[in-house]
Participant: 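Pasting a structure here, questions to come.
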Amino acid sequence: MRKEKIKMHYAWKIVIACILMKLGTGGACAAAVGNFITPIVQDLGCKVSQLTMFTSIQAISMALLYTTAARLITTKRVGLVIGVSSVLEVIGLALMGTYQTVQMFYFSGAMIGIAQAFTGFVSIPILLNMWFRKKNGTVLGIVTAVGTAATILYTLLSAKLITDLGWRNAYFIMAAMSAIITIPAVFALIRSPKEMGCEPYGAGEKEDTQEEVSVATVTHSLTKKQAFQLPLLYIAWTACVLYSYACGVSGYATNFATIELKQSINFGAAVGVFSNLGGTLSSVIVGKINDRRGVKAGLLWGGITTALGYLTMFLSFQNPIFVYPAIFIVGLGNSMYMVQCPLLARNIVGSGHYSEIWSLMMMVNSLIG
């Protein structure tokens with residue numbers, strides 16, 4: 001029994017912690033606005049645009065701290081940094097159930113945005129990069145897929161809670177759930193390889209697959225100055241921005257079905273489910289493709305699925321039923337920004353200064369968006 005425990009590399013505990021982050025605070029905060037808009041607007045007598053300003057404040061707060069987050073995660077006790085940030089997320093979410101004016105929601109937007117700079121899009125790839133020299137794409141894909149699935153589940157749960165208990169109690173319950181699922185795991189499990197006194201998973205190992213090339217690739221390391229003098233980085237950066245737009249359009253699939261195709265709300269909701277299903281599968285598929293075939297194959301997958309999906313979408317103007325396979329195919333490329341792009345950047349700049357380079361790229365991308 002003891003022998004079996006020794007065989008388990010600590011990196012897999014990091015994956016478990018990342019999954020619990022997505023199942024807790026990640027999913028709850030992602031569902032913090034959607035279903036809540038109508039009851040809050042009706043209760044507080046505010047405009048929809050006033051409430052949804054929460055999202056913009058959250059995004060700006062998060063983007064401005066990406067580089068700070070990358071520096072602290074790689075130089076301080078990573079479990080403490082991410083743990084405190086997770087607590088801040090829970091507090092920001094719980095407070096939303098107490099507000100009497102729409103402006104107070106902006107305070108939570110800033111709190112959650114600041115926290116998610118340390119727990120979200122930038123921190124997860126950096127944390128997994130610290131721990132994995134092999135299978136980095138696969139584990140990033142799995143964690144991202146869990147995050148997508150968690151958002152769906154919290155969206156369904158919030159609808160039920162709002163209907164049965166009211167929107168204020170829904171926030172309290174979701175905050176409590178996310179605290180129980182995420183916070184103990186983050187403080188107990190998340191450590192750096194240096195803190196644990198061990199090498200990252202796959203360091204020094206070789207396999208007769210594309211992973212051998214990937215392991216060799218991340219051993220080189222460009223400084224930030226060298227990286228931003230490299231034309232290839234800007235080509236890859238442009239590809240990331242384009243993929244972010246392509247992935248973002250699918251978020252309007254439900255509105256496309258109900259407004260442009262003039263279908264029912266239930267029809268539109270089903271379209272959203274197909275999109276999310278494709279996105280969940282995409283995260284795992286893209287990660288595995290990168291590990292087994294390399295980043296070029298991953299980029300090819302995203303280009304083909306995105307183009308084919310949107311071309312198929314035109315058929316839905318003739319028959320709305322075509323929107324289902326079309327949005328599912330689009331969904332199969334939906335993880336390109338969250339999974340493929342960080343792997344692409346890592347492949348180009350190496351792992352040594354990856355955190356500061358990727359965080360700067362994400363900050364610029366988010367502010368442009």
Side-chain angles (χ1 to χ4, degrees), residues 14 16-34 36 40 51-128 130 143 146-147 150-151 154 158 167-192 355 359 362-363 366-367:
I14 299 297
I16 292 171
C18 289
I19 287 174
L20 291 174
M21 286 169 62
K22 294 295 186 181
L23 287 175
T25 54
C29 290
V33 177
F36 290 88
I40 292 175
L51 180 60
T52 54
M53 181 63 71
F54 164 95
T55 304
S56 298
I57 293 172
Q58 177 187 358
I60 293 171
S61 302
M62 181 167 48
L64 291 175
L65 284 174
Y66 276 152
T67 54
T68 302
R71 185 175 67 254
L72 292 179
I73 287 171
T74 53
T75 59
K76 305 297 181 181
R77 291 175 56 191
V78 61
L80 180 62
V81 172
I82 295 179
V84 170
S85 301
S86 298
V87 171
L88 188 61
E89 281 184 284
V90 170
I91 294 173
L93 186 63
L95 285 175
M96 291 170 73
T98 67
Y99 296 146
Q100 302 297 327
T101 64
V102 69
Q103 288 76 20
M104 292 303 296
F105 282 87
Y106 305 159
F107 179 65
S108 276
M111 286 181 65
I112 294 173
I114 290 169
Q116 288 187 328
F118 297 84
T119 64
F121 291 130
V122 167
S123 63
I124 295 294
I126 290 174
L127 184 60
L128 294 177
M130 291 168 60
V143 171
V146 171
T151 300
Y154 274 100
S158 65
W167 64 271
R168 295 186 185 277
N169 287 326
Y171 275 131
F172 297 146
I173 293 171
M174 287 170 60
M177 288 177 59
S178 61
I180 292 169
I181 294 170
T182 295
I183 292 174
V186 171
F187 280 111
L189 297 178
I190 294 185
R191 302 287 187 274
S192 67
S355 60
S359 63
M362 280 293 292
M363 182 181 73
S366 298
L367 291 176

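Everything quoted here is computed from the prediction, not taken from an experiment. Heads up: numbering here begins at 1 and tracks the sequence. What you see below is based on every heavy atom in this structure, not just the backbone, and it leaves out hydrogens, waters and symmetry mates.
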Participant: Spell out, as yes or no, whether a donor-acceptor pair under 3.5 Å connects the side chain of T151 to the backbone of G27.
Facilitator: no
Participant: Any side-chain hydrogen bond (donor to acceptor under 3.5 Å, both in side chains) pairs touching residues 72-83, not counting sequence neighbours?
Facilitator: none
Participant: Just do the side-chain contact (heavy atoms from CB on, under 4.5 Å) check on Y171 and T98 with the steps written out, would you?
Facilitator: CA-CA 9 Å; Y171 275 131; T98 67; over 6 Å; no
Participant: Could you state the interatomic distance from CZ (F187) to CD1 (I82), rounded to the nearest 0.5 Å?
Facilitator: 10.5 Å
Participant: If you take all heavy atoms of S85 and F118, which pair is closest and at what distance?
Facilitator: OG-CB, 3.1 Å
Participant: Nearest 0.5 Å, what's the CD1-OG1 distance between I73 and T119?
Facilitator: 8.5 Å
Participant: CD1/I57 to OG/S108 distance, rounded to the nearest 0.5 angstrom?
Facilitator: 10.5 Å
Participant: Minimum heavy-atom separation for A117 to L65, with atom names?
Facilitator: CB-CB, 3.8 Å
Participant: Please report the shortest heavy-atom distance between S86 and T182, naming the atom on each side.
Facilitator: OG-CG2, 3.9 Å
Participant: In Å and rounded to the nearest 0.5 Å, what is the CG to CD distance from L51 to Q103?
Facilitator: 10.5 Å
Participant: Tell me, do I14 and M130 make a side-chain contact under 4.5 Å, heavy atoms counted?
Facilitator: no
Participant: Do I124 and M21 touch side chain to side chain, with heavy atoms closer than 4.5 Å?
Facilitator: yes
Participant: CD1 of I91 to CD1 of I112: how many Å apart, nearest 0.5 Å?
Facilitator: 11.0 Å
Participant: Are any non-hydrogen side-chain atoms of V33 and Q58 less than 4.5 angstrom apart?
Facilitator: no
Participant: Are the side chains of F54 and I40 in contact, using a 4.5 Å heavy-atom criterion?
Facilitator: no
Participant: Within the 3.5 Å criterion, strictly below it, is a donor on S178 or Y154 matched to an acceptor on the partner's side chain?
Facilitator: no
Participant: Distance-only, no hydrogens or angles: does the R168 side chain make a donor-acceptor pair with backbone N or O of Y99 under 3.5 Å?
Facilitator: yes
Participant: Evaluate the side-chain proximity of M96 to F36: yes if any heavy-atom separation is below 4.5 Å, no if none is.
Facilitator: no
Participant: Can you name the nearest heavy-atom pair linking A150 to K22, along with the distance?
Facilitator: CB-O, 3.3 Å
Participant: What's the spacing between I60 CD1 and M53 CE if we round to 0.5 Å?
Facilitator: 8.5 Å
Participant: State, to 0.1 Å, how close E89 and A115 come at their nearest heavy-atom pair, and which atoms those are.
Facilitator: CG-CB, 3.3 Å
Participant: What's the shortest heavy-atom distance between A175 and V90, and which atoms?
Facilitator: O-CG1, 3.6 Å
Participant: Does F172 CZ have over 12 foreign heavy atoms under 6.0 Å away?
Facilitator: yes
